[in-house]
Protein chains: 2
Amino acid sequence: MKDWNRHNAISDFVRTRRKESKMTQSELSDLTGVGLRFVRDLEQGKPNLMTDKVNQVLLFFGHTLAPTPISDETRRNLGE
Amino acid sequence: MKDWNRHNAISDFVRTRRKESKMTQSELSDLTGVGLRFVRDLEQGKPNLMTDKVNQVLLFFGHTLAPTPISDETRRNLGE
DNA sequence: AAATAATATACCCAAAAAGGTATATTTTAT
DNA sequence: ATAAAATATACCTTTTTGGGTATATTATTT
């Protein structure tokens, strides 16, 4: 099983935005309609997520999943 | 069940890039390691996809899924 | 026009996600 | 230091994905 990575574009984005908004995971869960468990899996970098669940959360912050040129950081981590 | 939408950021991106590269769905499937069925679901806008499968395809085109401002979505996907 | 290639649809199955709940650990407030 | 709140981990169930294969439709080539 692929290992989790707390620090990836999506996890970092959500965790940062949530804290900036002074929300708890539980509040974000309620406001977005996804399960609390999902918010946790998301922020802790579960490798496999459903796109529409992720979008359900991102949408709350005015964002959405879209193809983006890979960053140097991503390129660096390709090997593992 | 949510309906499929052929024209969304991800589907359009993959279909366009694949055709630019003069590849068939089958070739893209082989080259990326995802199933042919997935390439089809992806290009036809299946509402729910696994992020790591999508990334497996996007990576081939030097991209990856990342949170993107909604207002920029259209611009980002039509260009480059 | 016919033949071939490419794309789309329909079926089944194994594997895994999402969610709920309960428990443990960490962080924050008093 | 203690209590309370927030976050993390573990177990279980239901639902749905991804993939394979077979068939149908559409597009391309000759």
Side-chain angles (χ1 to χ4, degrees), chain A residues 1-61 63-67 70 74 77-78 80, chain B residues 1-61 63-68 77-78:
Chain A
M1 179 170 113
K2 222 159 70 175
D3 38 349
W4 295 35
N5 172 25
R6 254 181 84 82
H7 293 294
N8 63 79
I10 301 171
S11 301
D12 284 341
F13 177 86
V14 172
R15 205 178 325 103
T16 300
R17 289 293 186 116
R18 177 176 64 79
K19 292 192 169 174
E20 281 174 4
S21 308
K22 302 246 193 286
M23 284 188 291
T24 66
Q25 293 176 337
S26 185
E27 286 168 331
L28 184 58
S29 160
D30 289 340
L31 288 167
T32 57
V34 305
L36 173 56
R37 269 283 314 281
F38 181 82
V39 173
R40 283 164 186 172
D41 291 350
L42 176 58
E43 291 196 2
Q44 287 161 232
K46 182 175 179 175
N48 248 347
L49 299 169
M50 310 285 309
T51 52
D52 80 333
K53 286 286 153 191
V54 177
N55 280 328
Q56 217 172 316
V57 174
L58 291 186
L59 210 57
F60 183 81
F61 298 114
H63 285 59
T64 191
L65 284 181
I70 59 175
T74 302
N77 296 334
L78 282 184
E80 17 172 306
Chain B
M1 180 183 178
K2 224 157 72 173
D3 37 347
W4 293 35
N5 172 24
R6 252 181 85 83
H7 294 294
N8 64 80
I10 301 170
S11 301
D12 285 340
F13 177 87
V14 171
R15 205 179 323 103
T16 301
R17 287 293 184 116
R18 176 176 65 78
K19 292 192 170 174
E20 281 173 4
S21 309
K22 301 245 192 292
M23 284 187 292
T24 66
Q25 293 176 336
S26 184
E27 286 168 330
L28 184 58
S29 160
D30 289 340
L31 288 167
T32 57
V34 305
L36 173 55
R37 269 280 314 281
F38 181 82
V39 172
R40 284 167 186 169
D41 290 350
L42 176 58
E43 291 196 1
Q44 285 163 53
K46 182 175 182 176
N48 248 349
L49 299 169
M50 311 282 312
T51 53
D52 80 333
K53 286 287 153 188
V54 177
N55 280 327
Q56 217 172 317
V57 174
L58 291 186
L59 212 56
F60 182 79
F61 297 115
H63 285 59
T64 193
L65 285 181
T68 307
N77 296 322
L78 294 186

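Reminder, nothing fancy here: chain letters follow the sequence lines and each chain counts from 1. When reading the values below, keep in mind they use all heavy atoms of this one structure, side chains included, and skip hydrogens, waters and symmetry mates.
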Integer-rounded Å distance: [N] [atom2] and [X] [atom1]:
X: Asn48(B); N: dG19(C); atom1: CG; atom2: C1'; value: 14 Å
X: Met50(B); N: dG18(D); atom1: CE; atom2: P; value: 6 Å
X: Asp52(A); N: dG18(D); atom1: CG; atom2: P; value: 11 Å
X: Leu42(B); N: dT17(D); atom1: CG; atom2: C1'; value: 13 Å
X: Lys53(B); N: dG20(D); atom1: NZ; atom2: C1'; value: 13 Å
X: Asn55(A); N: dA18(C); atom1: CG; atom2: C1'; value: 16 Å

Review point. Taking C-beta and beyond as the side chain, do Pro47(A) and Asp52(B) meet within less than 4.5 Å on heavy atoms?
Key: no
**Study point:** Any side-chain heavy-atom pair of Val34(A) and Leu42(A) under 4.5 Å
**Key:** no
Exercise for review: Would you tell me if any nitrogen or oxygen in the side chain of Lys46(B) comes within less than 4.0 Å of OP1 or OP2 on dT16(D)?
Suggested key: no
Between [X] and [Y], is there a donor-acceptor pair closer than 3.5 Å when you use the side chain of the first and the backbone of the second?
X: Thr64(A); Y: Asn55(A); value: no
X: Arg17(B); Y: Phe60(B); value: no
X: Arg15(A); Y: Arg6(A); value: yes

**Study point:** Residue pair Leu36(B), Arg40(B): steps toward the side-chain contact (heavy atoms from CB on, under 4.5 Å) verdict
**Key:** CA-CA 6 Å; Leu36(B) 173 55; Arg40(B) 284 167 186 169; 3.4 Å; yes
Revision key, fill the gap. B/S/- along nucleotides 6-13 of chain C (protein heavy atoms under 4.0 Å) is SBBSBB--
